[in-house]
Amino acid sequence: MKVAIGADHAGFALKEELRRDLTAAGHDVRDLGTDSPTSVDYPDFALAVARAVQSGEAERGILICGTGIGMAMTANRVPGVRAASCSECYSARMARAHNDANVLAMGSRVVGSGVAADLVRLFLETPFEGGRHEERVRKIESESSRAR
Ligand code: RB5
């Protein structure tokens, strides 16, 4: 799968680990930074990953900051992006199955690398259930564009 990944300084080390694992698992990973633990602004990286997903350049996005919160807030401003901040497996699975989330945000200060790897695996493997959830997901986009 084509996956875009990004992090701020707080998520840098975990991003490096996850990128290596994803590449080893055969995914086509586009690393959009940051490239060091030097302090940066998370919205810059959230927007880069969200735009890669919006354009179709990536099928899914993964974002890591300290909490996952700022990354998800920012990514969700990009039309067509549905970002879910998850710290346990049930939410990561349901974000795909019911919400058709296309970006997973995580907090490196919230989850350890083992949980993060499980969240990523579930997020990439779980299909959208469609059916009754289809119209609800469609409403996210149509209602939010009306509110603008
Ligand atoms: C950086 O200290 C921290 O604020 C950032 O990584 C993130 O948690 C924001 O949501």
Side-chain angles (χ1 to χ4, degrees), residues 1-25 27-126 128 133 136-148:
M1 189 178 286
K2 286 186 180 172
V3 180
I5 192 165
D8 69 356
H9 52 286
F12 168 70
L14 181 54
K15 170 179 73 68
E16 295 297 292
E17 246 181 80
L18 293 173
R19 190 199 59 230
R20 278 193 293 269
D21 292 351
L22 285 165
T23 305
H27 293 288
D28 179 0
V29 185
R30 175 115 195 264
D31 185 349
L32 297 173
T34 185
D35 302 322
S36 81
T38 304
S39 183
V40 290
D41 297 331
Y42 61 81
D44 297 337
F45 302 91
L47 288 172
V49 167
R51 286 183 182 130
V53 170
Q54 181 192 41
S55 70
E57 195 184 314
E59 296 163 79
R60 303 274 166 82
I62 295 171
L63 287 166
I64 309 132
C65 62
T67 59
I69 295 170
M71 288 296 200
M73 284 181 169
T74 310
N76 278 322
R77 303 303 292 262
V78 175
V81 168
R82 292 176 299 281
S85 177
C86 300
S87 55
E88 35 68 37
C89 290
Y90 179 75
S91 296
R93 191 162 58 76
M94 296 309 279
R96 286 290 312 136
H98 284 193
N99 310 111
D100 199 16
N102 48 19
V103 172
L104 170 66
M106 294 177 290
S108 65
R109 297 169 183 159
V110 181
V111 296
S113 57
V115 171
D118 281 355
L119 296 175
V120 167
R121 184 179 47 74
L122 282 168
F123 185 72
L124 297 184
E125 286 177 0
T126 307
F128 177 46
H133 304 294
R136 296 166 183 165
V137 169
R138 195 197 58 75
K139 278 190 177 184
I140 297 174
E141 208 58 50
S142 62
E143 298 298 320
S144 61
S145 59
R146 220 181 334 190
R148 277 201 178 113

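Indexing begins at 1, ligand by ligand and atom by atom, following the structure's order.
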Q) Closest non-hydrogen protein atom to atom 6 (O) of ligand 1, residue and atom name please, with distance? A) Asp8 OD2, 2.6 Å
Q: Would you mind running through ligand 1 and noting each atom that sits below 4.0 Å from a heavy atom of Gly70?
A: 10 (O)
**Q.** Polar proximity ligand 1 side, Tyr42 side, N/O cut 3.5 Å exclusive
**A.** no
Q | Which of the ligand 1 atoms, numbered from 1, are nearer than 4.0 Å to a heavy atom of Ala10 | A | 6 (O)
Q: Go through the steps for Arg136 and Ile140 under the test side chain to side chain contact (heavy atoms under 4.5 Å, CB included), then give the verdict.
A: CA-CA 7 Å; Arg136 296 166 183 165; Ile140 297 174; over 6 Å; no
Q) For the atom pair CG (Leu14) and CZ (Arg19), what is the distance rounded to the nearest 0.5 Å? A) 12.0 Å
(Q) Is atom 10 (O) of ligand 1 touching the protein, meaning some protein heavy atom lies under 4.0 Å away? (A) yes
Q: May I ask you to check whether over 12 heavy atoms, not counting those of Met94, lie within 6.0 Å of atom CE?
A: yes
Q. How are the rings of His133 and Phe128 set to each other: parallel, tilted or perpendicular (split at 30° and 60°)?
A. tilted
Q) About how many Å separate OG of Ser85 and CG of Leu119, when rounded to the nearest 0.5 Å? A) 9.5 Å
Q: Taking only Lys NZ, Arg NE, NH1 and NH2, and the carboxylate oxygens of Asp or Glu, determine whether Arg20 and Glu17 approach each other closer than 4.0 Å.
A: no
(Q) I'd like to know if Met73 contacts ligand 1, where contact means a heavy-atom distance under 4.0 Å to any ligand atom. (A) no
Q) Looking at Gly66, which atoms of ligand 1 are within less than 4.0 Å of one of its heavy atoms? A) 5 (C), 6 (O), 7 (C), 8 (O)
Q: Check each heavy atom of Thr67 against ligand 1 and say whether those closer than 4.0 Å belong to the side chain, the backbone, both or neither.
A: both
Q. Which is it for Ile62 and Met106 under the side chain to side chain contact (heavy atoms under 4.5 Å, CB included) test, yes or no, and what are the steps along the way?
A. CA-CA 8 Å; Ile62 295 171; Met106 294 177 290; 3.8 Å; yes
(Q) Taking 4.0 angstrom as the limit and counting only heavy atoms of Arg109, give me the atoms of ligand 1 inside it, by number and element. (A) 1 (C), 2 (O), 3 (C)
Q. Nearest protein heavy-atom contact for atom 7 (C) of ligand 1: which residue, which atom, what distance?
A. Cys65 SG, 3.4 Å
